[in-house]
> 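Okay, handing you the structure first.
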Amino acid sequence: MKLRNLLLLVIMMLSATVMAQSTYDLQKPFGFCTVSSRTSSSSTYTITGGGCYEYPVPSSVSSSKVITLTSTGKDMRSAIESAISNYSVIIFDGSKGDFILSSKIGMSKVKNKTLIGINNAKLCTTWYATQEIIDALNKAGVPDMSTSGGGGTLPNGTKVTEEAEYNTRKIIIQMTGDNAESYRNAGVFSFSGCENLIIRNLKFQGPGSIDVGGADLLSFVDGTKHCWVDHCDFQDGMDGNFDITVQSDFNTVSWCTFSYTDRSYMHQNTNLIGSSDSEAKNYLNTTFAFNHWGTNCKARMPMARVGKIHMLNNYYTCTTGGNCINPRKNSEFLIEGNYFAKGVKSIFGASGATAVTWKNTNYSVEGKSGESSGSTVTVPYSYTVADASKVPTEVGTYAGATLFNSTSGGGDDPVDPTPENPETPELVDGNNYIVASGENVYNGKVITCNNITMTYGNDGNWTVGARDAMASEGFSNLAGGNNNPKDASNKNYSASSKNVPTTGTYYVFTPTSSGTLYVASYVYTGKVVYVTENGSAISFKANGTTINSGNSITSGEYDGYITFPVTKGKEYYLFGEATKIKIYGFNFVVDGATAISTVNENKDVKENRNGVTYNLAGQVVDSSYRGLVIINNKVVMR
């Protein structure tokens, strides 16, 4: 692959929100969260969250409504609560570590919010059951106690009606001295009476399941409605991983994973819909689509009282579980296209359900089946059922917090979209793409352009972006901000003192180490291009061949990188005559180490040399590095 094509490919990957995702993933709200009736398709609802559900946040959303949080390494509870209260779009950036929470955050009556995780953002509880506590519970025989009867009065005066919960809480009080039982609030979010929420690409890590009637990792209560929870990981919730109760309604849970680790002790009951048999009827209508119930899930996947529950193309690998899908009193279930792997013990168990429609599109490796009962259950929205045989690959690969993560694994090798290799990349409606000069073939359509940003629309047409004016001069706005080359005269350098033209495009940089500077660059044309060191002209090369005549590049086109010797701490200038120079994709690297931190905010790109592996920052990495790397001029995922 030529360097020009390599750089274009990296630019596309850094600039667009295209991700390696399943072809079945709509990447937009669907299901019950998009309607306002459990029976009528005409009662639609437009779920917008805080104005977007993608990252980067589109320019249509005011920056004053967006906040990005990073971990401080300390309790983030107050900061997160304040951000949700005061902003519409809350970005959790995991690049500086996990978000630590001393207790769950309870939000009441908030509306129109988007919570998005990037860079593997994880929200973690601080409390967990230590091995000493677990040993004490085992010694007392708690695992063999009743979870439905018995109980007593705790030392703090609280009455508990279940034997296992009573003894668990009593032992923890005795061992920790926590008479107030504050540890029982070890959860992440509880949304009460909220509406129009979007929660995407977040990891939730709890303290481990333990039978104390404690907090869920995430809960919707008291009429929380029209919410979309998508591409999240839920692990080790104390009580439940994610419960929806008390008249909450019209919610969709898609492409999420649910699991438990060895931190969990008992009560691995992952998803409850409806907290009691007395739940009011006609609420709790919920879509579960393309989710994965995995390691150590034992029950409630989900269990539902009341509500119309649509189970679509979910994946079950929970070999330690009891009933997976568990319809209970006053509920209606439509179950189709789900896949139950080998070893899943009990895939279905109904008790008191109003109606269950078990379609023959479900598949169990061990030949197990559920049962239909009552009238046929339907849902008031359109959808497509994927073949159940595709579920293990699609859901197993792409469910969970797999979006917007710079170091996430998986996915296909990227496609070179140039005419030399016109294989069609996967295109996503509404995404921006930087396309190369010449004829480009996308989805059978031939377009001619000059390194401009184009937006692909769901009508199959391309819309030229706002950067076409700059691109017509040969420059790409790589960072998404204002990267227009500047006028050299703005620096007030005189030609005599700096040996440069008084007008034109320029780049200025100071190396952090001495050596040979490799400027990953391609296509430069023009009669006057200067490289100077503290104002003095120096020789430079392209692909090892000297290309300067005096202190300017010989007119022509050069595919590759230029090199010249540099000295730590000295200023270097790369100039071009206005409108005649075309220089793209700079990364200044001295002998494999990043030499310049910022040069007009261009994204870092680097050609591979001598079999060395680089990350996208131009840094040499070894075989243990995971993420996008450049190997032999190709960008691959490791």
Side-chain angles (χ1 to χ4, degrees), residues 13-21 25 27-29 33 47-101 104-105 107 110-125 188-191 194-205 217-218 227-234 254-256 400-408 428 430-432 478-481 601 603 616-617 627-628:
M13 289 160 43
L14 291 173
S15 301
T17 58
V18 177
M19 297 152 290
Q21 289 299 310
D25 192 347
Q27 290 288 315
K28 63 182 180 180
C33 69
I47 180 167
T48 58
C52 71
Y53 46 79
E54 65 269 25
Y55 183 85
V57 176
S59 59
S60 58
V61 180
S62 171
S63 60
S64 64
K65 297 181 179 180
V66 181
I67 186 172
T68 299
L69 301 176
T70 57
S71 175
T72 63
K74 301 178 181 179
D75 184 12
M76 296 287 291
R77 187 185 184 283
S78 294
I80 294 172
E81 184 176 28
S82 175
I84 296 174
S85 297
N86 294 292
Y87 293 88
S88 299
V89 179
I90 301 89
I91 307 297
F92 295 85
D93 183 352
S95 61
K96 294 184 179 180
D98 297 339
F99 295 85
I100 308 300
L101 296 174
K104 73 177 180 182
I105 298 172
M107 303 302 300
V110 299
K111 295 183 178 181
N112 312 325
K113 305 288 183 178
T114 294
L115 282 62
I116 291 181
I118 64 173
N119 297 324
N120 297 290
K122 182 188 291 186
L123 298 111
C124 304
T125 60
V188 178
F189 292 124
S190 178
F191 290 100
C194 301
E195 182 177 351
N196 191 22
L197 306 181
I198 293 175
I199 303 173
R200 300 191 77 197
N201 204 54
L202 284 171
K203 296 181 179 182
F204 296 80
Q205 175 65 61
L217 282 177
L218 175 65
C227 302
W228 179 38
V229 179
D230 178 68
H231 279 285
C232 290
D233 289 335
F234 296 90
S254 59
W255 296 96
C256 291
T402 59
L403 311 178
F404 322 129
N405 296 329
S406 61
T407 58
S408 62
V428 177
N431 279 348
N432 295 327
L478 307 183
E601 299 182 355
K603 292 293 184 182
L616 295 187
L628 289 172

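Any value given below was found using the heavy atoms of this structure, including those in side chains, with hydrogens, waters and symmetry copies removed. FYI, the numbering just counts along the sequence from 1.
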> Return yes if a side-chain donor-acceptor contact under 3.5 Å exists between Asn196 and Thr48, otherwise no.
yes

> In the structure I gave you, are the side-chain heavy atoms of Leu123 and Asp98 within less than 4.5 Å of one another anywhere?
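Side chain of Leu123 against side chain of Asp98, heavy atoms only: no contact under 4.5 Å found.
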
> Give, for atom CD1 of Ile84 and atom CD1 of Ile105, the distance between the pair rounded to the nearest 0.5 Å.
5.5 Å

> How close do Asp75 and Ile100 get, counting heavy atoms only, and between which atoms?
OD1-O, 3.4 Å

> Measure the shortest side-chain to side-chain distance between Val110 and Leu197 over non-hydrogen atoms and say whether it is less than 4.5 angstrom.
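With C-beta onward as the side chain, the pair touches.
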
> Closest approach of Ile47 and Pro29, non-hydrogen atoms and distance?
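Closest approach of Ile47 to Pro29: CG2-CB, 3.1 Å.
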
> For the NZ atom of Lys122 and the OG atom of Ser71, what is their distance to the nearest 0.5 Å?
12.0 Å

> Donor-acceptor pair, distance only, cut-off 3.5 Å: does the side chain of His231 make one with the backbone of Gly400?
yes

> Working to the nearest 0.5 Å, report the span between CG of Asp233 and SG of Cys256.
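Result: 8.0 Å between the selected atoms.
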
> Going by heavy atoms in the side chains, are Cys124 and Phe99 under 4.5 Å from each other?
no

> Where is the tightest heavy-atom contact between Phe404 and Arg200, given as atom of each residue plus distance?
CZ-NH1, 4.1 Å

> Treating Lys113 as the side-chain partner and Tyr87 as the backbone partner, does any N or O pair qualify as donor plus acceptor under 3.5 Å?
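Looks like yes, one N/O pair under 3.5 Å.
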
> Quick one: closest heavy-atom pair of Val57 and Cys52, and the distance?
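The pair with the smallest heavy-atom distance is CG1-SG, 4.0 Å.
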
> Under a 4.5 Å cut-off applied to non-hydrogen side-chain atoms, are Ile80 and Phe189 in contact?
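Yes; the side chains approach each other to less than 4.5 Å.
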
> Do you know which two heavy atoms are closest between Trp228 and Cys33, and how far apart they sit?
CB-SG, 4.1 Å

> List the atom of Tyr53, the atom of Ile116, and the distance in Å for their closest heavy-atom pair.
C-CD1, 3.9 Å

> Can Thr125 and Gln205 be counted as having a side-chain donor-acceptor contact under 3.5 angstrom?
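Note: Thr125 and Gln205 side chains miss the donor-acceptor criterion.
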
> Does any donor atom in the side chain of Thr68 or Asp93 lie under 3.5 Å from an acceptor atom in the other side chain?
no

> Does the Asn86 side chain pair with the main chain of Ser82, one donor and one acceptor, at a distance under 3.5 Å?
yes

> Just so I know, are the side chains of Lys104 and Val188 near enough to count as touching, which here means a heavy-atom distance under 4.5 Å?
no

> Please examine the side chains of Met107 and Ser85, heavy atoms only from C-beta on, and report whether any two atoms are closer than 4.5 Å.
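With C-beta onward as the side chain, the pair touches.
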
> Answer yes or no: is there a side-chain heavy-atom contact under 4.5 Å between Phe191 and Ile199?
yes

> Would you check if Phe92 and Asn201 make a side-chain contact, meaning some heavy-atom pair closer than 4.5 Å?
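The answer is no; the side chains never approach within 4.5 Å.
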
> Working note: Asn405 + Asn119, criterion side-chain hydrogen bond (donor to acceptor under 3.5 Å, both in side chains); need CA distance, chi angles, decisive distance, verdict.
CA-CA 4 Å; Asn405 296 329; Asn119 297 324; over 6 Å; no

